[in-house]
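Counting begins at 1 with the first residue of the sequence.
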Amino acid sequence: MASKEGAAGQAFGPVLAAVATMQGNVSRTDKAHAHEFLEKFQKSIEAWTITHEMLQSPNVPVEAKLFAATTLKGKIIFDLDQLPAQSVVALRDSVLSLLVAFAAGPRPIQTQLCVSLASLAIQMIEWKDVLATVGSVLGGSAGDCVLEFLRILPEEVTEGRKINLSEDELTMRTKELLEDNAEQVMHLLIQYSQSSPAASKNPRLLDCITSWMREIPASRIVDSPLMDVILKALDDDGSFDSAVDSMCTIYRDTREVDDSLPIIQALYPRIMSLRPKIAETAEAEDTDAYRGITRIFAEAGEAWVVLIARVPSEFRGLVEAVLECCARDWERDAISITFAFWFELKQYVTLERYAESRIVFNDVFSKLVDIMIKHLEYPRPEEGETDLFGGDREQEEKFRHFRHSMGDVLKDCCAVIGVTECLTKAYHVIQQWVSKYASQSTDAHVPNWQELEAPLFSLRAMGRMVDPEENAVLTQVIPLIVQIPNQEKVRFQAIMALARYTEWTAQHPETLEAQLNYVISGFQHSSVEVVQAAALAFKFLGTDCQKLLGGHITQLHSFYESVLDKLKPTSQEEVTEGVAAVVAVQPLDKIYETMKMFCDPIMARIMNLANNAKDEQGQRAVADHLQLITIFILVVNPCVSSGEQNPAVKYCGEILPIMSTIAMNFTSSTPILERICRCWRNMIICYRTAMTPLLPALAQSLASGFEASREGCFLWATDAVVREFSDGAEYVDPSTSHAVFQFYEQQAVAFLRTLNDLAPENLPDVIEDFFRLSSDAVRFYPKECITSSLAMPIFSAALSALTLQQIDPLIATLHYYHDLFSFAFDKPAVSGFTTTDGKPYANPPEIREAVKQLIGSQGQVLTQRILTGMMFTFPGECFPDASGVLMSLFELMPQDAGAWVQSTLQMLPAGTMKAGEAERLLKGISDKVQSGETRKIRVLLQDFTNSYRRRNVAPREGLGRLEATRFRFSG
């Protein structure tokens, strides 16, 4: 006996050592080696025996046994074909015996073993008496395991574990395991619940009831003794959460209210009898119980919201219960559960057909506004404490997010009871504070500022709902806001509120000066947040009130120069957007000099910063100021007649040489180069063919910049040139269009040289930008691109790019293939493409044939790269595009594509495919080709590659747990 135990221990010794390494305080390298070893172990044939030995050995630590149970589950789901067919029954019996051995826990191991047994039950089609077998083996000695298995079975069947069964087999097995057993399971659950008082409160029983509601209709549960079990379980702390889940799952089945009216009528009084629990749990300050009782009422409201809108008087009690949950939420922890209900109710009662309900619930939504404004208040710190959240930054962030969600509820209230009433409520709260505390306030001390800040936030939140023509409340509120004291958070919120109402201000110019002065004074505040708020508010004032400010350009310039250097980059951009909007409305003959007035000092700063940019921080400052120039180009876009010089382009011509010089002086600074290229790209996009005079110089700068730096941003900017000056574009003459294509070829040659010098993994961004550029080149210059001598080298370069594992360059490359291949068809997938004379593009036969020749020469390698990428390396997000490219191959040359797939499958490592798997795939493809259903091949390929990857490449479960701290197990 001792020798056998020693042999077994020797077999799983390396596994235990690796598990210990994963959990130990060792080097990252050691953990990586252990991780790799365990991944290989989980997919090996030996794992079948070793996991059983580990689970049966008394000397294996419980964490390692959990790993063994998780591994066994993965083997059953993915690798059952590794076992001889005659061994599967023995495996089932072994898992049952392991469940008996772990009858007392730990529960995580029980759960993994139950999932294993459920997965076996699904796959063992010949096993017809599943429940009887499990009940007879486990019922006497491992009763809780029976409940755990019953809970898991519906989840495993319906939530789609990737079991190796056909759709027909899975449908049949689902019926046998769930539908045919539903009535029997219900009787078992009732019997168990009545077996003892403890059984009726067992949370596993309730979890089991919830799980089987996938098959057992809610009406059967409500009419059975199980309904009493659920309701009584709400009185027990141990079963409360599970009972709440059961209740809310019943609601899910009653959402079709017309079909479920008898159930709802039976449930409603029983739910309303729980309303006293709202006050009880609130007074006891039982957070978890309060969240649970809030869920019961809020989710009932969500499910039955149509009925509430139809017969509001009958369901008013439920709405009031949800309101009470909001009002009593002392920790503001449960209230978020109600937000979806308020939104849904708003959606219905604002419809004309439910106008009566809107009146009935008017007072409820009115009270909801008061509750929300109160809940918006910041907490009051403890005596002597200055930090509002006691240093808990996570809690502070949670509160910030929570406030914005509450702002959405306030918008819902505006929609129901009207903007005027909601604004008035906030105004009255502000007035109350002013009457109480304004006289006591100083810059150093603002008493109870939380009561002032909250209604200001609510005004800001409701701003989107307020019409710019509103005249009832804002004419009183805005003058009050600009007198708000200087406390940091209050001042911040006041400025942010003003920023929300700048469209209203544009309609009420008499209020602009006071607001502008209040916002501009915020730039002098000691708080960084207040300064940032002032910058944002100025942006919106400039944008929305640009015409009102158009005559104050000199004063704006003085202000801009005085604050710019004091601001953070984001705030610099926002203030720049504000002043650029005012520059944009200047008379056409003033645009150039005004743009020069604002931009020349920025260019002077850029040159000065560039001369002193000795480190990354200095280069970042150059890049940030370049972005300010880009903002002017984006915003200042004057309307100029054809043939007339664009004043903004005139200014661009002055700064283009300076930017080119900076680019060549900083060829290793990505931030600077990206900002310069962004500026150039936007010059093309904003001014389009007006940039034609600058095109030669710009093209030369882009070409020189890419060759010197090998940065993809130059290709990104080139793409804008290709699109705007393509063959057939409006106002572009053929010679210019031809020159642009030659420019693209020049960039392509530089790219190919770069790819020849460096491995693709060192150029992911450059590859992405090049193939996005090439996609557009193919779409806008199809004949030139496809017949070019560069067509084959670019096609081959794309094959190299498919070896990458990053999403963006892969998708760009796959899109290039998709666009290229579309020209092998009669109608290319190029939306809206026209020829020079404005006619729809007709794809000539010689172009179609040229694309097919490209594919024919490289199709084998392309198929191999895409298929193996889907099986091994591609991120999941690439699968639709990858399979789409394969689909094009099958549509164009189905026989060849089938042969290429077959050749690729023959290259896969031995033992990685199930018996007959390749043959089934190839037969399925052949059948689809012969029947003309080539589109369905895409599904076959995706299913095959997904299955292969899950079995052979994707990590199995359990390893992440080992890297975490030790589990605490309980029976």
task: Could you tell me whether the side chains of Gln515 and Thr511 share a donor-acceptor contact shorter than 3.5 Å?
output: yes

- line: So ring-ring contact (aromatic ring centres under 6.0 Å, His included) across residues 319-341, not counting sequence neighbours, yields Tyr290-Trp330

message: Under a 3.5 Å threshold, yes or no: a donor from one side chain and an acceptor from the other, between Thr210 and Thr249?
response: no

- request: Apply side-chain hydrogen bond (donor to acceptor under 3.5 Å, both in side chains) to Asp237 and list each qualifying residue two or more places apart in sequence or on a separate chain.
  value: none

query: Does Tyr268 have any ring pair (Phe, Tyr, Trp, His ring centres under 6.0 Å) partners at least two apart in sequence or in another chain, and if so, which?
result: Phe315

- line: In short, salt bridge (charged side-chain N to carboxylate O under 4.0 Å, His left out) pairs touching residues 479-507 with sequence neighbours left out are none

task: Would you indicate whether the side-chain heavy atoms of Cys422 and Ile417 approach each other to under 4.5 Å?
output: yes

For Tyr560, ring pair (Phe, Tyr, Trp, His ring centres under 6.0 Å) partners two or more places apart: Phe598

query: Under 4.0 Å between a Lys/Arg side-chain N and an Asp/Glu carboxylate O for Lys277 and Asp235?
result: yes

message: Just to verify, what does Phe240 make a ring pair (Phe, Tyr, Trp, His ring centres under 6.0 Å) with, not counting sequence neighbours?
response: none

message: Can you confirm whether more than 12 heavy atoms, excluding those of Arg275, are under 6.0 Å from its CZ atom?
response: yes

message: Restricting to ring pair (Phe, Tyr, Trp, His ring centres under 6.0 Å), what partner residues turn up for His445, sequence neighbours left out?
response: none

message: Counting only heavy atoms from other residues, nucleotides and ligands, does the tally under 6.0 Å from CZ of Arg393 exceed 12?
response: yes

message: Other residues, nucleotides and ligands only: do more than 12 of their heavy atoms fall within 6.0 Å of CD on Gln555?
response: yes

query: What do you reckon, is CD of Gln440 surrounded by more than 12 foreign heavy atoms closer than 6.0 Å?
result: yes

message: Are Ser458 and Met462 packed together at the side-chain level, in the sense that at least one heavy-atom pair is separated by less than 4.5 angstrom?
response: yes

query: Which pairs, with at least one residue in residues 408-424 and sequence neighbours excluded, count as a side chain to side chain donor-acceptor pair (under 3.5 Å)?
result: Ser366-Glu421, Asp408-Lys411

- prompt: Looking at Phe399, is Arg332 sitting on its ring face, NZ or CZ under 6.0 Å from the six-membered ring centre and within 45 degrees of the normal?
  reply: no

query: In chain order, what residues pass the salt bridge (Lys or Arg N to Asp or Glu O under 4.0 Å) check against Glu529, with sequence neighbours excluded?
result: Arg400

Please report, to 0.1 Å, the donor-acceptor pairs under 3.5 Å made by any side chain of residues 464-473, with sequence neighbours excluded.
from: Asp467; atom 1: OD1; to: Glu469; atom 2: N; distance (Å): 2.7
from: Glu470; atom 1: OE1; to: Val473; atom 2: N; distance (Å): 3.4
from: Glu470; atom 1: OE1; to: Leu474; atom 2: N; distance (Å): 3.0
from: Glu470; atom 1: OE2; to: Ala472; atom 2: N; distance (Å): 2.9
from: Glu470; atom 1: OE2; to: Val473; atom 2: N; distance (Å): 2.9
from: Asn471; atom 1: OD1; to: His508; atom 2: NE2; distance (Å): 2.7
from: Asn471; atom 1: ND2; to: Glu469; atom 2: O; distance (Å): 3.0

Asp258 bridged to Arg310 by N-O distance under 4.0 Å: yes

- prompt: Side chains of Gln431 and Tyr427: is there a donor and an acceptor less than 3.5 Å apart?
  reply: yes

query: Going by the salt bridge (charged side-chain N to carboxylate O under 4.0 Å, His left out) test, which pairs reach into residues 288-299, not counting sequence neighbours?
result: Asp245-Arg295, Arg291-Asp333, Arg295-Glu299

- prompt: Can you check whether Phe523 and Phe559 have ring centres sitting under 6.0 Å from each other?
  reply: yes

- prompt: Does anything in residues 361-370 pair up under salt bridge (charged side-chain N to carboxylate O under 4.0 Å, His left out), and if so which pairs, sequence neighbours excluded?
  reply: Arg316-Asp363, Asp370-Lys425

- prompt: Of the non-hydrogen atoms in Glu377 and Ala454, which two are nearest, and what is the gap between them?
  reply: CG-CB, 3.6 Å

